Amino acid sequence: MKVSDVLLATMLVSAFGIQAQDSVANKSPKILTIPEDTTLVDSTQTSEISLIVKHIDSLYNNRATNNPKPLAKEYFVKNRATNNPQPLTKEYFVKNKATNNPKPLAKGYFVKNRPRPHLYCPACGRG
Amino acid sequence: MEEDNATNKPLTGISLMPDSDFLKAALPLFINGEIAVLEWSCDTILSNQEKPDWLTNLLQEFSNANRLLGHGVFFSLLDAKWTEKQSLWIKQLKKEISELKYNHISEHFGFMSSGDFHSGCPLPVPLNKSTLTIGIDRMKRLQDAIDIPVGLENLAFSFSKNDVAEQGEFLERLIEPVNGFIILDLHNIYCQSQNFKIDMEELIQLYPLDAVKEIHISGGSWETVKGSDRKIRRDTHDQSVPRELFEVLPWVLSQCTHLEFIIFERLGGTLGGTSDSLRFQSDFRRLKQIVETSNSTFTHKTWGNKVEPLNKPLVDHQLHQDQILLKKSLLLAVDHEDIGNNFENWDTSTWDKDMIDTAISLSKKWD
């Protein structure tokens, strides 16, 4: 019985410990990294790495349904951060950690303004 | 996705293990669509949270195609006492069946050596009125709980030649009230044949072959008896299939006219490297080829009955005492000399001493 390509790809990932970063939820493509020494044992003794790639490609094809023409595996590997016209460097993130805060709060702020405990229990009224 | 078995030949598949070595070895078979049916030991995983995604999805796809078989390990069919453990097992089985479409459910002949839910090994009981009454009560309860056929698998282990000789009849009488089926495990037969020096074909003919719906085939290992040259064959599922099983298979196929499934078993975690994986695949392909080239004809049979078990599960206190004593004795014994003959239901004087030592070793391994 033939099982679906999506399932086969999931099984391949589990069997060979291929690291998968699934960012479908973020509407960006799935990125898979295949270890170089990955081979699929088969009695025909053929190197089955091509089968792995075939099924992973198939996974991409099935997932990326919004693309009129499915993107090749190499595309995803090369263009991981495709939403950025120019990918951001690691240093950028290190420097701009707290970019949402117009002015980061000092450590002392939290110590001074620690949330106070209730003077009485709101449920039973006990002090 | 649903496929018809148009040729009416039995479907060949594997017993699924969640281990990664097993998955690696089986993957080429899945990729090529060679696995026609899956058997899943649904009570071996503690909870659904422990199932990896691929396992859940694989079971679902075979379930959708009506190609999924359920197998139980821990029900302890011939346990003389009914405990919360069995009630819970049936409750969980009902839940499992409501979530996945199983073709049938099977369990093992015997009772479990451990009271724990997920350990122990099955031990045989002699055929007598007490054991048969308990067994039929449990089979009815199982059939009443689920709306699909139920069956039993023959055991690899016996204490005596008498046990071996009567197991076929015992199984026939247990499945009869529920119109159940037999899983004929050929490696279990091979173990009995080797350990008690009985011809395999002779032994197989002692089973109700028209009730065989499924065959199991696997490998095992030899264990040398301490202080002796004798080797005991054990159903360890950790080696390749013995040549004798492939040789006898065409004849077995010709005898089991209602056969529907043949399942290849291998324990996860025992496929050490590439050569093991290749052997696993070649054993499976050889098995499949024998089935596909067989000239035997197979006809479908209707399995399962509507049954009404008694309100309360039967309990046999004497048999229970014997089972408790046997479990304890096997766990505490150093060798066969420590097992007394204080049982109502067993006559240990007829037992093979080397088989007692094997049972001691089995109990210590799995409890």
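None of these values were measured; they are calculated from a predicted model. We name chains A, B, ... by the order of the sequence lines, and we start the count at 1 in each one. No hydrogens, no waters, no symmetry mates; every other heavy atom, side chains included, goes into these values.
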Measuring heavy-atom distances to chain A, does B:Leu58 have an atom under 4.5 Å in its side chain, in its backbone, in both, or in neither? both

Which bit of B:Phe62 is near chain A, if near means a heavy-atom gap under 4.5 Å: side chain, backbone, both or neither? both

Give me the atom names and distance for the closest heavy-atom approach of B:Arg67 to A:Met1.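 Of all heavy-atom pairs spanning B:Arg67 and A:Met1, the closest is CG-SD, 3.9 Å.
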
Straight-line distance of A:Met11 CE to B:Asp53 CG, nearest 0.5 Å: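 Result: 12.5 Å between the selected atoms.
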
Atom CZ in B:Phe30, atom NZ in A:Lys2: separation rounded to 0.5 Å? 12.5 Å

